[in-house]
Engineer: 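This is the structure I have questions about; it appears just below.
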Amino acid sequence: MNNNNFEKVREFAKMIQESAAYMRLQAAIEANDNDEALQKKIEEFNEKREALQAEFHNYSNRDMDKMNELENAVKACYDELMEMPTMKEYNEASGALNMECEIVRNMIQQAYQGINPEELSSALDAECSGDCGTCGGC
């Protein structure tokens, strides 16, 4: 790659960081960092998960009832965490930016395969649902 290509990549990187999707994710990260209720729920989740791990590694005296209780508590706490508004926004913003990244990666791969730059297609061109689990590939 010559220096001109590196400069073009830097220009593109700047465009990414000025995009609405990037700014949305940064705002969501900041909102999460400043959401005291979310931070407490994350702390609670981590404590429950650590208790579960400690019980799991207690080979000589493992209590399966306690393990099941801890597993249920971890799952319930995780579910609550994922339903908090700032966490939901973060997940949506992160997913949108990741989708853009995947589309760009795919288009670059197409270019390396020799596809005419004017004919590069994205998953969006194929009316992508955004659910990569059902996709055969871009």
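By convention here, the first residue in the shown sequence is residue 1. Basis for what follows: all heavy atoms, side chains included, without hydrogens, waters or symmetry-related copies.
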Engineer: Is any side-chain heavy atom of E100 closer than 4.5 Å to one of I103?
Structural biologist: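 I103 vs E100: side chains apart.
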Engineer: Are L70 and L81 joined in one hydrophobic group, where the rule is that I, L, V, M, F, W and Y side chains link up if heavy atoms are under 4.5 Å apart?
Structural biologist: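 Linked, L70 and L81 end up in one cluster.
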Engineer: With salt bridge (Lys or Arg N to Asp or Glu O under 4.0 Å) as the criterion, how do E44 and K41 come out once you've worked through the C-alpha distance, each side chain's angles and the decisive distance to 0.1 Å?
Structural biologist: CA-CA 5 Å; E44 178 187 342; K41 185 57 74 173; 3.2 Å; yes
Engineer: Taking only Lys NZ, Arg NE, NH1 and NH2, and the carboxylate oxygens of Asp or Glu, determine whether R10 and E7 approach each other closer than 4.0 Å.
Structural biologist: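 Yes, R10 and E7 are salt-bridged.
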Engineer: May I ask you to decide whether E11 forms a salt bridge with K14, counting only side-chain N to carboxylate O separations under 4.0 Å?
Structural biologist: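 The answer is no: the pair does not qualify as a salt bridge.
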Engineer: Quick one: pull up CG in L120 and CD1 in I115 and give me the separation to the nearest 0.5 Å.
Structural biologist: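 It comes to 6.5 Å.
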Engineer: Say whether, by atom type as modelled, one donor and one acceptor occur between the side chain of E55 and the main chain of D63 under 3.5 angstrom.
Structural biologist: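 Yes.
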Engineer: If we only count heavy atoms from C-beta on, is the N5 to V9 side-chain gap below 4.5 Å?
Structural biologist: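 No, too far: nothing below the 4.5 Å cut-off.
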Engineer: Is E102 paired with R105 through a side-chain N to carboxylate O contact shorter than 4.0 Å?
Structural biologist: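 Salt bridge flag = yes for E102 with R105.
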Engineer: Under the side-chain contact (heavy atoms from CB on, under 4.5 Å) criterion, do H57 and R62 qualify, and how do the steps go?
Structural biologist: CA-CA 8 Å; H57 291 293; R62 186 180 296 159; over 6 Å; no
Engineer: Please round to the nearest 0.5 Å and tell me the distance separating atom CZ of F12 and atom CD1 of I108.
Structural biologist: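 So the gap between those two atoms works out to 6.5 Å.
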Engineer: Roughly how far, to the nearest 0.5 Å, is the CG atom of L25 from the CD atom of E30?
Structural biologist: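 The CD atom of E30 sits 12.0 Å away from the CG atom of L25.
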Engineer: Roughly how far, to the nearest 0.5 Å, is CD of E69 from NZ of K48?
Structural biologist: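 These two atoms lie 9.0 Å from each other.
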Engineer: Would you say Y78 ends up clustered with Y90 if hydrophobic residues are merged whenever their side chains have heavy atoms under 4.5 Å apart, either directly or through other cluster members?
Structural biologist: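 Same cluster.
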Engineer: When rounded to the nearest 0.5 angstrom, what is the spacing between CG in L52 and NZ in K66?
Structural biologist: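 Going from the CG atom of L52 to the NZ atom of K66 covers 10.5 Å.
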Engineer: To the nearest 0.5 angstrom, please state how far the SG atom of C77 sits from the CG atom of N46.
Structural biologist: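 So the gap between those two atoms works out to 8.5 Å.
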Engineer: Taking side chain as C-beta onward, heavy atoms only, is E119 less than 4.5 Å from Q110?
Structural biologist: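 No, side chains not in contact.
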Engineer: Evaluate whether atom CD of Q53 has more than 12 neighbouring non-hydrogen atoms of other residues, nucleotides or ligands under 6.0 angstrom away.
Structural biologist: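 Above 12, so yes.
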Engineer: Please say whether more than 12 non-hydrogen atoms of neighbouring residues, nucleotides or ligands are located less than 6.0 Å from CD in E36.
Structural biologist: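 12 or below, so no.
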Engineer: Does the Q39 side chain pair with the main chain of N32, one donor and one acceptor, at a distance under 3.5 Å?
Structural biologist: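 Here the side-chain-to-backbone pair exists.
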Engineer: Side chain of N58, backbone of A54: donor and acceptor closer than 3.5 Å?
Structural biologist: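 Side chain of N58 to backbone of A54: no pair is present.
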Engineer: Are M23 and I16 joined in one hydrophobic group, where the rule is that I, L, V, M, F, W and Y side chains link up if heavy atoms are under 4.5 Å apart?
Structural biologist: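 Different hydrophobic clusters.
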Engineer: How far apart are the C-alpha atoms of K88 and M84, what are their side-chain angles, what is the distance that settles it, and do they pass the side-chain contact (heavy atoms from CB on, under 4.5 Å) test?
Structural biologist: CA-CA 6 Å; K88 285 175 96 170; M84 296 183 80; over 6 Å; no
Engineer: Considering non-hydrogen atoms only, spot the tightest contact between Q17 and Y22 and give its length.
Structural biologist: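 Nearest pair, atom of Q17 first, then Y22: O-CD2, 3.2 Å.
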Engineer: Using a 3.5 Å distance criterion without hydrogens, assess whether the side chain of S94 forms a donor-acceptor pair with backbone atoms of N91.
Structural biologist: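 Flag not set: sc S94 to bb N91 has no pair under 3.5 Å.
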Engineer: Side-chain contact test, heavy atoms from C-beta onward, threshold under 4.5 Å: evaluate it for N3 versus F6 and give yes or no.
Structural biologist: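 N3 reaches F6 side chain to side chain.
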